[in-house]
Amino acid sequence: MSKILKISTFTQDVITIMVISTVIIIGALHFQATHKDVKAGYIEGTDGYSGYMFAKYNQLKLKGQCEYAKDPAFSEFKTSEEFMQGCHKYFEE
């Protein structure tokens, strides 16, 4: 003889809510991982994007101030040609 496992309606509802919540969280994490920000035509993670954001976050007022990125205090920034173009592009908008 086999016994049938009976699950209460409350337990079924809790399991359903947990499954739906898990699917929503996984979907949100996937979107966050695949979504890349774009500023002035530069995709997040590129040197150009970093240059653009450098100018924005540091509230630079003139193109010449982009040279500050070459200062040893900002050694975490790669001051490539693309970085400098991104920094200069900030002032064109």
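Counting begins at 1 with the first residue of the sequence. All values reported here derive from a predicted model rather than from experimental measurement. Just so it is clear, the values below take in all heavy atoms, side chains as well, and ignore hydrogens, waters and symmetry mates.
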- What's the verdict on side-chain contact (heavy atoms from CB on, under 4.5 Å) for Glu92 and Lys63, showing C-alpha distance, side-chain angles and the deciding distance? CA-CA 9 Å; Glu92 295 171 8; Lys63 279 186 181 183; 3.9 Å; yes

- CE on Met84 to NZ on Lys89, rounded to 0.5 Å: 15.5 Å

- Query: What's the shortest heavy-atom distance between Phe91 and Cys66, and which atoms?
  - Reply: CE1-SG, 3.7 Å

- Could you tell me which non-hydrogen atom of Ser80 sits nearest to which non-hydrogen atom of Asp47, and how far apart they are? OG-OD2, 2.9 Å

- Message: Test of understanding: clusters of I, L, V, M, F, W, Y form through side-chain heavy atoms closer than 4.5 Å, transitively. Do Phe83 and Tyr57 belong to the same one?
- Response: yes

- Query: Considering all heavy atoms of both residues, which atom of Phe54 and which atom of Cys87 are nearest to each other, and what is their separation?
  - Reply: CD2-SG, 4.3 Å

- Within one Ile-Leu-Val-Met-Phe-Trp-Tyr cluster: Ile26 and Ile20, side-chain cutoff 4.5 Å: no

- For the atom pair CG (Leu60) and OH (Tyr90), what is the distance rounded to the nearest 0.5 Å? 7.5 Å

- Item | Pairs satisfying side chain to side chain donor-acceptor pair (under 3.5 Å), at least one member in residues 10-23, at least two apart | Ser8-Thr11

- Message: Assigning hydrophobic clusters by single linkage (Ile, Leu, Val, Met, Phe, Trp, Tyr; side-chain heavy-atom cutoff under 4.5 Å), is Val19 placed with Phe10?
- Response: no

- Item | Smallest separation among heavy atoms of Tyr42 and Thr46, with atom names | CB-OG1, 4.0 Å

- Message: Would you say that more than 12 heavy atoms from the other residues, nucleotides or ligands in this model lie under 6.0 Å from the CD of Gln32, or not?
- Response: no

- From Glu82 atom CD to Gln85 atom CD, the distance as rounded to the nearest 0.5 Å: 7.0 Å

